[in-house]
Each structure stands twice: as C-alpha cells, then as structure tokens.
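Below is one structure, written out as structure tokens, with a few remarks after it.
Model, not experiment: these values are computed from the prediction.
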Amino acid sequence: MPACIGAVILPLSGLLLSLPVGAEVKARSCGEVRQAYGAKGFSLADIPFQEIAGEHLRICPQEYTCCTTEMEDKLSQQSKLEFENLVEETSHFVRTTFVSRHKKFDEFFRELLENAEKSLNDMFVRTYGMLYMQNSEVFQDLFTELKRYYTGGNVNLEEMLNDFWARLLERMFQLINPQYHFSEDYLECVSKYTDQLKPFGDVPRKLKIQVTRAFIAARTFVQGLTVGREVANRVSKVSPTPGCIRALMKMLYCPYCRGLPTVRPCNNYCLNVMKGCLANQADLDTEWNLFIDAMLLVAERLEGPFNIESVMDPIDVKISEAIMNMQENSMQVSAKVFQGCGQPKPAPGLRSARSAPENFNTRFRPYNPEERPTTAAGTSLDRLRTVWRTMQHSVTDIKEKLKLSKKVWSALPYTICKDESVTAGTSNEEECWNGHSKARYLPEIMNDGLTNQINNPEVDVDITRPDTFIRQQIMALRVMTNKLKNAYNGNDVNFQDTSDESSGSGSGSGCMDDVCPTEFEFVTTEAPAADPDRREEDSSATRLGHSLLSWPLVCVILALQRLCR
C-alpha cells in the first residue's frame, strides 16, 4: 500500500509540478520578441521560441527570459550604438549651425576684402593713373597683410599699418621732391619722422583705430565659430563607459528579455540614465554658455562700432585724403625732414621745374563720384555694397542661431528622453519599463553634472574621474572666451600690450568704452551701403580737385616724367 500510494503520489506530484510550468511557458511565448529582434537585423537562431531560465543573464533581471547570452551581448552593443546615434542626432542642430555659419561668414569676409581692394585699385587708377600703378605694390601689400591677419597669420596690425604709412611717406617724399636724390639711409631717416610730423594728418590714427578694432573683432569672431564647430563635433561623438552601457542595455533592451518588446522606458527613468551617461557633457554647459554670450557680444560689435563696413568701404577715400594732406603740407614736411635728416644731394640732370605747368595732364583729375562709371570700377563698388548687406544679414542670422544653442549640453538628456521612439512619455507613467518591470518609476531625478551623479540609481558613475577629453574642450572654450572678451574691448589677444592707441592718454592699458568713448567717433558710420553717393567721398574728392592743381602736384608730375623716361 505504501508503495502503491508512493507510486500514485509521485506521478501526481510530477503532474502538479509540470502543469504550471508548462502553462507558463505556453503563456510566455517569445514570438513577439523574435519578431522585434529580427526587425533589428539579428539572426533568429540566437533566440528561443519560449522563455528559458535566466541565470545566465549579466545585466537584465535573472528571471524567466527570452534572451540568451548571445542576445544580451548583441543587444548591449546595439544599445551603445543607438545611444551614440541619439546624441549625435540631438546635437545635429548646434553642429550644423556652427559649420554652415562659419562657412558663410568666412566666404563673405574674404569676398569683402577682395572687393575692397579692387574698389581702391579702380579708384586710384582713375585718380592717380601711372603714379599709382608705379607704386601700387605698397597698397597691395597692405591688403595682403590684412588677409594674412584674418586667416590667422602672426601679424601685428598696428606695426603693419605703421609700416604702410612709413613706406607711403617714403614714396610720396621722393615724388614731391624730385629735384633731390635720396639714398636708402636717408629714406629710412624720413620714415622715422612719420609720427612726429604727421604728414598725413589725422587719417593714420583714425584708420588704425578702425582697422585694428574691426579686424580683431572679425578674426576673433570667425575663430570663435571654428572653435564652436570643433567642440560641438567632438562632444557629440560620445564614448559611453561600461557602467553607462550596462544602464543603456537595461533601459532599452531588458524589456525584450522580459518578453515586453513594445514597452518603452519611463521618462524619469530615461532621464536618470542619460544624466549619468552624459554627466561630463553637462559640465561643459557653464563654459559653453559663457562662450556663446561672448560670441553674441562680438557679433554686436560687428554690427555696431567695430563694423568692418565702416572701415573698408571708404578706405580708398581715407587713404586718398591722407595723400592730399601730405601734398598740401609738403613744403613744411620737407623743411622739417631736411632739418632733421640733413640736406639731400641734388638729382643729376634735372630740368627746370618752371616748365611743369605746361606738362599738366588731365588724366590726373580726381575721381568724381557723381560720374558713375560703367566700367569695372562702378561694378566693384556696387558688388562691395551687396556683400556688406549680405554680411550684415549673416551676422544677424548667426546671432539668432547662437542664442538657440545655449544650454544645449545640459538639455541633451531632456531632448533625448522627449523622443517618442525612446520613452513612453510623461503621460504613460504606469505602463512603462522602470528597469525591472512594467510599472511606475519611483526614484527621484538627479541634478545635472558629474558631482550630482554620486547617488544615481541607474548608472555607476565615478565622480572622482572627470572625462579628460571633455575637460580639454572646456579649456578650449575658456581660451576662446577670453579672446572674444579682448576683441569686444578692441584688444588683440596676441598684441594687446603693444597698443598705444587704445590706452587713452598713455596709461598703457586697453581702455573700456566708458574710458575712451571718443575713439568711437571714427566708427559710427551707419550702413554706408544705403548711401550710394558716398558723401564722405564727395568731400575728399573736392579736396582732391583743389590739391591736384597745387605746386606739390607739379613736382609729382615732373617726377613722373622722370620715372617714365
């Protein structure tokens, strides 16, 4: 009987044990998971048809599961790739903003310089003819150095401009004194009198202030766009830590292993995972925001008092005005130079200057802006103004895009977790994956940044080891922000200590707006593009007409005859 009873009990107990298990396996088919897994491009050979015991799982809950070891490994790698793509896609806006705006600004500025040089060349050929063409390399070198500075060359703008005026003085001094022969040493002595004699009037000082401030702002601004582009490109390519990869797998694909492939993560759960994985990126935000603010300040300078347009558009007129000042004061200048450098030797074989008026040639008449030429001169001027207007619109556009890119790195977790393809959303807090089952996620959301992840319940973050790569980007932003602040104050970060123009009354330090407000008097031109008559050019051209009939020009013509023989 006992044996009989035991025989009955054993089959019954076996039946009792096997029925529930069989029923559970039948109820938990892996068919839905197989379909979702196959849709990811994986082989269905890895996945069972029904749930199996989950003791082999290393990341997901070790309960009955549809995941094999191979599946967990593959889905873990898949979660890493998807996360990297999510970060790159989410930061796409800020990256394309810097790439496209850098390209546009750079193209406009280069075209602007080319057109400004062509405008000067056209005007001076018409105004001075052969005299200009014989000395055109002095002006070509000026633009060559300006371009080299803009493209990052090691050019001290103030020294370069001083050299330009010294060279121009040497050439002019020979032309207004054709009756003398000047050695190289004598001409070097002449150039030393540039600052003392001020032969070109106040034009060099004004132009130096305008050119240095405008070019410093423009170069630093385009450098800022380059740095922003590089930092955004680098930071958007994340390398998740092992702890982050585990958390991503648990969030994105452990629902597959639990037979719930359609259940998406809870929104707050996603935020904690992303804040842990992107903790170092969030730490970039403070320096990034300071950088954006500095970029916006320099952009305002480019629209206002440091506007490159107010410098380059009338640069031909300003240089011409300087030449007229030299001609009008030629006798006084020559007398002082002779006194300081000694009496030069007479030029051999020079004919009497008294016949000079007979040789006056009408081709030396000044350029009259009222006679709008139909040649390339007029075309280049019109083109220059078109470039100005387009560039102004470009700066305005860049400003708007920059404002939108503030706080972009600390906002990454929120932007990613808002994506309906990633989470169940905030309206579905009960029917979402919380890391263990389909239920509400209870832990609190962590604050931004590395130090705030010490108690992150989802990601194992070592807060004592900041990401070296991210710290390098923070340093790059910090250096660029300092450059931008210097540019905002009109100081070149490389040469600011050599500036004597920006130091007011010789204090030796760069002046702020409230210290040296009068320096802005020279750069307050409002949109010359809207004034086709170029009133400033009118006044200079009028002076040009009177000056060209003066005695110094007669000497210039004699010199021309001598040079052309």
Side-chain angles (χ1 to χ4, degrees), residues 8-83 86 242-274 417 419-443 457-460:
V8 171
I9 289 172
L10 286 173
L12 285 173
S13 60
L15 184 64
L16 288 171
L17 288 171
S18 63
L19 280 175
V21 172
E24 186 174 322
V25 169
K26 186 176 181 181
R28 297 229 179 164
S29 165
C30 292
E32 198 175 357
V33 178
R34 286 175 64 85
Q35 186 177 358
Y37 188 72
K40 294 285 181 183
F42 296 118
S43 170
L44 295 180
D46 297 333
I47 186 169
F49 287 93
Q50 293 178 322
E51 286 186 336
I52 58 175
E55 291 87 353
H56 58 280
L57 297 178
R58 289 169 295 174
I59 299 175
C60 296
Q62 292 182 335
E63 301 173 10
Y64 280 101
T65 182
C66 285
C67 284
T68 61
T69 301
E70 292 77 16
M71 284 179 66
E72 191 178 42
D73 289 342
K74 287 181 180 178
L75 288 173
S76 182
Q77 184 62 24
Q78 179 68 16
S79 65
K80 173 181 179 292
L81 292 173
E82 288 183 8
F83 168 70
L86 277 169
C244 172
I245 295 171
R246 286 179 61 86
L248 290 167
M249 169 62 195
K250 188 178 178 184
M251 181 183 85
L252 295 172
Y253 286 112
C254 282
Y256 279 50
C257 297
R258 293 287 290 136
L260 304 168
T262 59
V263 178
R264 301 199 185 282
C266 301
N267 185 73
N268 290 354
Y269 174 36
C270 173
L271 285 174
N272 274 345
V273 171
M274 292 302 160
C417 294
D419 191 331
E420 59 183 18
S421 68
V422 178
T423 68
T426 54
S427 61
N428 200 8
E429 294 181 358
E430 302 293 339
E431 302 290 315
C432 57
W433 174 252
N434 66 6
H436 302 280
S437 60
K438 185 168 74 170
R440 176 182 285 270
Y441 182 77
L442 298 176
E458 309 305 335
V459 188
D460 182 17

Where do [X] and [Y] come nearest, in terms of heavy atoms and distance?
| X | Y | answer |
| --- | --- | --- |
| T68 | P48 | CG2-CD, 3.9 Å |
| P457 | P443 | CG-CB, 4.0 Å |
| L75 | M249 | C-SD, 3.5 Å |
| T65 | A53 | CG2-O, 4.1 Å |
| N428 | E431 | OD1-CB, 3.3 Å |
| A36 | P261 | CB-CB, 3.8 Å |

(message) Side chains of Y253 and E82: any donor to acceptor distance under 3.5 Å?
(response) yes
(message) Under a 3.5 Å threshold, yes or no: a donor from one side chain and an acceptor from the other, between Y441 and N272?
(response) yes
Determine yes or no for a side-chain-to-main-chain donor-acceptor pair under 3.5 angstrom, with [X] supplying the side chain and [Y] the backbone.
| X | Y | answer |
| --- | --- | --- |
| R246 | R58 | yes |
| R34 | I47 | yes |
| E72 | C60 | yes |
| W433 | K250 | yes |
| T423 | C417 | yes |
| R264 | S421 | yes |

(request) Begin from the C-alpha positions of V459 and M274 and carry the test side-chain contact (heavy atoms from CB on, under 4.5 Å) through to its verdict. (result) CA-CA 9 Å; V459 188; M274 292 302 160; over 6 Å; no
If you measure from [atom1] on [X] to [atom2] on [Y], what distance do you get to the nearest 0.5 Å?
| X | Y | atom1 | atom2 | result |
| --- | --- | --- | --- | --- |
| L260 | S437 | CG | OG | 9.0 Å |
| F83 | I245 | CZ | CD1 | 9.5 Å |
| D419 | L86 | CG | CG | 6.5 Å |
| Q78 | D73 | CD | CG | 13.5 Å |
| Q35 | C30 | CD | SG | 13.0 Å |
| E458 | L248 | CD | CG | 11.0 Å |

(request) With side-chain contact (heavy atoms from CB on, under 4.5 Å) as the test, would you mind laying out the steps for R28 and Q50 before giving the verdict? (result) CA-CA 6 Å; R28 297 229 179 164; Q50 293 178 322; over 6 Å; no
(message) Check the SG atoms of C67 against those of C257: under 2.5 Å or not?
(response) yes
(request) Determine, stepwise, if the pair E32 / Y37 fulfils side-chain contact (heavy atoms from CB on, under 4.5 Å). (result) CA-CA 9 Å; E32 198 175 357; Y37 188 72; over 6 Å; no
(request) Assess whether atom CG of D460 is packed by more than 12 heavy atoms of other residues, nucleotides or ligands within 6.0 Å. (result) no
(request) Report, as yes or no, whether the 6.0 Å neighbourhood of atom CD on Q62 holds more than 12 heavy atoms from other residues, nucleotides or ligands. (result) yes
(message) Please determine whether a side-chain nitrogen of the Lys or Arg among K74 and D46 lies less than 4.0 Å from a carboxylate oxygen of the Asp or Glu.
(response) yes
(request) Any chance you could lay out the side-chain contact (heavy atoms from CB on, under 4.5 Å) test for R258 and E63, step after step, and finish with the verdict? (result) CA-CA 8 Å; R258 293 287 290 136; E63 301 173 10; 3.1 Å; yes
(message) Does any part of the side chain of C270, heavy atoms only, come nearer than 4.5 Å to the side chain of M251, both counted from C-beta?
(response) yes
